[in-house]
Amino acid sequence: DSGVTQTPKHLITATGQRVTLRCSPRSGDLSVYWYQQSLDQGLQFLIHYYNGEERAKGNILERFSAQQFPDLHSELNLSSLELGDSALYFCASSSGLAGTDTQYFGPGTRLTVL
Amino acid sequence: GENVEQHPSTLSVQEGDSAVIKCTYSDSASNYFPWYKQELGKGPQLIIDIRSNVGEKKDQRIAVTLNKTAKHFSLHITETQPEDSAVYFCAASDGTNAGKSTFGDGTTLTVKP
């Protein structure tokens, strides 16, 4: 158990809908990262938050947004969902900002868009 | 941007044999190379990493080697066990942001008892 929790585990929804994925980092970790893992694109970095502030963006679509709250949990919002958004979404946490900090991954949320 | 290629995509070995997974990267600015193991239904877990000022690092049955000149690095697992069966990912980053690593496509390792 990495200490990172994600809810829900599974999510099935329809095209055009909006969903929110939730992540609680390990106790004491200030950084939260979001990743998308799909069969054809591997593991793709979406966005990084540190202590409530956005620090880096990867290949995140404009339909997706995220935030980190004062209690350090984070939410990833996906809107106007398309079939191609079906994937596993992972969050990871680390203690600080260093590029070499160990990232601890949660168990993921499997999103299926029908 | 960085491009990481990982080979092979699948690897099957007998218990007790060694397994080697290789990755190449394109960006000479990359200086941090972690390896992750992902078991079924779980998130990736860091198993070993190496920085560019080191050529080799070992942790029990796992070792990683890095050749900066050739821009490739490899994961070596000795005395494989069935519990080593998983998907293994390599990654490369310039060390400025842990999230901005570029991942390889993964290798599915199967260790047959």
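These values consider heavy atoms only, across backbone and side chains, with no hydrogens, waters or symmetry-generated copies. Convention: sequence-line order gives letters A, B, ...; per-chain numbering from 1. Source: prediction; values computed, not measured.
- Residue A:I47 is not grouped with residue A:Y33 when hydrophobic side chains (ILVMFWY) are merged at heavy-atom distances under 4.5 angstrom, including chains of intermediate members.
- By the 6.0 Å contact criterion, CD on A:E53 is open, its count of non-hydrogen atoms from other residues, nucleotides or ligands being 12 or less.
- A:K9 does not touch chain B: none of its heavy atoms, backbone or side chain, sits under 4.5 Å away.
- Within the 4.5 angstrom heavy-atom criterion, no atom of A:Q6 approaches chain B.
- Residues B:V111 and B:V87 do not share a hydrophobic cluster, defined by chaining ILVMFWY side chains whose heavy atoms lie under 4.5 Å apart.
- Under the 4.5 Å side-chain heavy-atom criterion for Ile, Leu, Val, Met, Phe, Trp and Tyr, A:V113 and A:V19 are members of the same hydrophobic cluster.
- Within residues 49-84 of chain B, the residues that have a heavy atom under 4.5 Å from a heavy atom of chain A are B:R51, listed by number.
- Follow the hydrophobic side-chain contacts under 4.5 Å out from A:L61 and you reach A:L78 in the same cluster.
- In this structure, B:D94 CG and A:T100 OG1 are separated by 11.0 Å, a value rounded to the nearest 0.5 Å.
- Between chain B and the options A:A56, A:C91, A:G108, heavy-atom pairs under 4.5 Å are most frequent for A:A56.
- Under the rule for a ring-ring contact (aromatic ring centres under 6.0 Å, His included), A:Y104 has no partner lying at least two apart in sequence or in another chain.
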Derivation and outcome, side-chain contact (heavy atoms from CB on, under 4.5 Å), residues B:F103 and A:Q37: CA-CA 11 Å; B:F103 286 78; A:Q37 186 177 43; over 6 Å; no
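- Under a cut-off of 6.0 angstrom, the local environment of CG in A:L114 is crowded, with over 12 non-hydrogen atoms contributed by other residues, nucleotides or ligands.
- Closest non-hydrogen pair, A:Q103 versus B:Y36, comes out as NE2-OH, 3.9 Å.
- The local environment of CD in B:E2 is crowded, with over 12 non-hydrogen atoms from other residues, nucleotides or ligands closer than 6.0 Å.
- Shown here is A:R26, whose CZ atom has more than 12 heavy atoms of other residues, nucleotides or ligands within 6.0 Å.
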